[in-house]
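Below is one structure, written out as structure tokens; comments come after it.
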Amino acid sequence: MKAATFDEMKSRAERLAPDTEILKDPAKFFRSGRSGGSQDFLTEDDLDAYRKRVGDLAPKPFLDWLHRDPPVISDGADADV
């Protein structure tokens with residue numbers, strides 16, 4: 001299972017990142033291992049262009065699923081016992 005870890009995949013970005021002909025640095029595809037990181041560097045114009053492009057390529061139910069809020073991961077510290 002080590003091969004499926006974020007650090008391992010990032011170290012093999014040249015082989016694993018999609019669109020390696022488009023990406024200037026394939027390792028940057030593996031930024032942080034968390035959802036929503038694009039908000040740190042994409043402008044609202046970038047996001048509008050993205051939304052238009054994916055809207056032309058994929059059905060709305062799929063895009064709704066893809067862009068849903070990520071699940072909240074609990075460490076169990078607040079769980080009732």
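Each residue takes its place number in the sequence, starting with 1. Values below: all heavy atoms of this structure, side chains included; hydrogens, waters and symmetry mates excluded.
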Side-chain donor/acceptor pairs under 3.5 Å, residues 57-64, sequence neighbours excluded:
residue : atom : partner : partner atom : Å
K60     : NZ   : D64     : OD1          : 3.0
K60     : NZ   : D64     : OD2          : 2.9

| query | Same cluster for L47 and L66 if Ile/Leu/Val/Met/Phe/Trp/Tyr side chains link at under 4.5 Å? | reply | no

| said: The criterion is salt bridge (Lys or Arg N to Asp or Glu O under 4.0 Å); which residues satisfy it with D45, sequence neighbours excluded? | reply: none

| request: Could I get the full list of salt bridge (Lys or Arg N to Asp or Glu O under 4.0 Å) partners for D48, not counting sequence neighbours? | output: R51

| message | Determine whether a donor-acceptor pair (N or O, by modelled atom type, separation under 3.5 Å) exists between the side chain of R53 and the backbone of Y50. | response | no

